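Here the structure comes first, spelled out in structure tokens, and everything after it is commentary.
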Amino acid sequence: MPLDEIEHPILAKAAEQFADVETKHERIRAVDDQMLFKVKVQRWRGAVWVGDDLPWLVAAGRRKDGSGDDFYAALEADAKAARARYNAVHADGLKTSAYTAHLLPTREDHVRYRAEAAVRFVRRLRAAILALARATLRDGREHAQDFDTFTLGLQVRADEGHETYLAIRITGSVPANLTAVILSNVPGCDKDGWYPEYALPERDLLPAEQAWSNLMDPREAAKVLGGDGT
């Protein structure tokens, strides 16, 4: 299951709490080998480690006041036990009182995060293209949506008795493989039918802008307009 689709109070709270880089956070003082921060919601407690790219929820559990099973008490005990195990097999023992490096994200975690981020982006892109196609099919005008580093625009001309012509423009710097992903997700268009254009139906191209055209299957266009083009 994609991690962003898991519904859990502690995950939602961690995402909310660390969304703003200016927000102050409470450090877990019992852990001195890493900078771990507290996350609290309802009876759930968590530990967040902030890497160079984003925060990671590295451990979580329930609050149990006065019990050794309380999350933060258990985290401290486990960290001290891990330090003892580490020092038992390493000549250069740790000077800290805790050891939590085993909780931090590994290369596999980073690979999974990047892979899932790519999937999330393609889902967002596909939904945006579908919405733009539906809008332009309704009025024949160009409709656009901004992304982080580029803007995507679509315009469809579907005059009665003529083929349905679709133009797509990308403004901004995008790698060639992203252009291919964008074009392959336009509904009702042959993947091998795209041609580069030097102008849009109603205007010339702007600097840092590329445009492509294709014919759109009218049956697929009807599905998009009907709302079942997903």
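Note that the structure is a prediction, hence the values are computed from the model and not measured. Counting begins at 1 with the first residue of the sequence.
When all heavy atoms of L178 and F150 are compared, the closest pair comes out as CD2-CE2, 3.9 Å. When all heavy atoms of I10 and G46 are compared, the closest pair comes out as CD1-N, 3.8 Å. Scanning all heavy atoms of the two residues, the minimum distance from A47 to L36 falls at CB-CD1, 4.3 Å. Heavy-atom minimum distance, L183 versus I168: CD2-CG2, 3.6 Å. When every heavy atom of L94 is checked against every heavy atom of R83, the shortest pair comes out as O-NH2, 3.2 Å. Across every non-hydrogen atom of L200 and A211, the tightest pair is CD2-CB, 3.9 Å.
F18 and M35 fall within the same hydrophobic cluster, where Ile, Leu, Val, Met, Phe, Trp and Tyr residues are linked whenever their side-chain heavy atoms come under 4.5 Å apart, directly or through other members. Note: the hydrophobic cluster containing V122 also contains L132 (ILVMFWY, side chain heavy atoms under 4.5 Å, direct or indirect links).
In this structure the side chain of V31 reaches within 4.5 angstrom of the side chain of L75, judged on heavy atoms. Considering only heavy atoms from C-beta on, I129 comes within 4.5 Å of L125 through its side chain. In this structure the side chain of D204 never reaches within 4.5 angstrom of the side chain of Y198, judged on heavy atoms. Using a 4.5 Å heavy-atom cutoff, the side chains of W49 and L103 are not in contact. I28 has its side chain within reach of Y72: a pair of non-hydrogen atoms, C-beta onward, lies under 4.5 Å apart. Counting heavy atoms from C-beta on, the side chains of R112 and H110 never come closer than 4.5 Å. W56 has its side chain within reach of D109: a pair of non-hydrogen atoms, C-beta onward, lies under 4.5 Å apart. L154 is listed as a side-chain neighbour of L166, based on a closest heavy-atom distance under 4.5 Å.
Proximity of a side-chain donor or acceptor of N214 to a complementary backbone N or O of D190 within less than 3.5 Å is detected. A donor-acceptor pair is defined here as one N or O able to donate and one able to accept, closer than 3.5 Å; such a pair exists between the side chain of D32 and the backbone of S97.
Distance check: K38 NZ to R45 CZ gives 9.0 Å after rounding to the nearest 0.5 Å. Between the CD atom of Q155 and the OG1 atom of T136 there is a distance of 5.5 Å, given to the nearest 0.5 Å. Between the CD atom in Q17 and the CZ atom in F37 there is a gap of 10.0 Å [rounded to 0.5 Å]. One finds the SG atom of C189 at 9.0 Å from the CG atom of D217 (value rounded to the nearest 0.5 Å). Rounding to the nearest 0.5 Å gives a distance of 11.5 Å between CG of L225 and CD of E220. For the atom pair K24 NZ and R27 CZ, the distance stands at 14.5 Å (nearest 0.5 Å).
Residue pairs meeting the side chain to side chain donor-acceptor pair (under 3.5 Å) criterion with at least one partner in residues 6-16, sequence neighbours excluded, are absent.
Between E76 and K80, at least one side-chain nitrogen of the basic residue sits less than 4.0 Å from a carboxylate oxygen of the acidic one, meeting the salt-bridge criterion. With respect to the salt-bridge test (charged N to carboxylate O, under 4.0 angstrom), the residues R157 and E142 do not qualify.
Other residues, nucleotides and ligands contribute over 12 non-hydrogen atoms within 6.0 Å of the CZ atom of R203. Counting heavy-atom neighbours within 6.0 Å of D52 CG, excluding the residue itself, gives a total of 12 or less.
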Between E209 and T171, is a side chain to side chain donor-acceptor pair (under 3.5 Å) present by the stated rule, with each step listed? CA-CA 4 Å; E209 193 169 60; T171 305; 2.6 Å; yes
Audit row: Q210, L205, side chain to side chain contact (heavy atoms under 4.5 Å, CB included) steps and yes/no: CA-CA 7 Å; Q210 57 177 299; L205 293 182; 5.8 Å; no
Determine whether T100 and Q34 satisfy the following criterion, side chain to side chain donor-acceptor pair (under 3.5 Å), listing intermediate values before the conclusion. CA-CA 7 Å; T100 57; Q34 303 289 338; 5.1 Å; no
Please assess V186 against W194 for the test side chain to side chain contact (heavy atoms under 4.5 Å, CB included), listing each intermediate value before the final yes or no. CA-CA 11 Å; V186 179; W194 291 102; 3.8 Å; yes
Assess whether side chain to side chain contact (heavy atoms under 4.5 Å, CB included) is satisfied between R138 and R134, documenting all intermediate values. CA-CA 6 Å; R138 287 171 175 161; R134 185 177 295 123; 3.3 Å; yes
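Every ring-ring contact (aromatic ring centres under 6.0 Å, His included) that Y86 has, sequence neighbours left out, goes to H90, Y99. Applying the side-chain contact (heavy atoms from CB on, under 4.5 Å) rule to D139 yields the partners R141, H143; only residues at least two apart in sequence or on another chain are considered.
A cation-pi arrangement is present between R62 and W44, with the terminal nitrogen or guanidinium carbon under 6.0 Å from the aromatic centre and inside a 45° cone about the axis.
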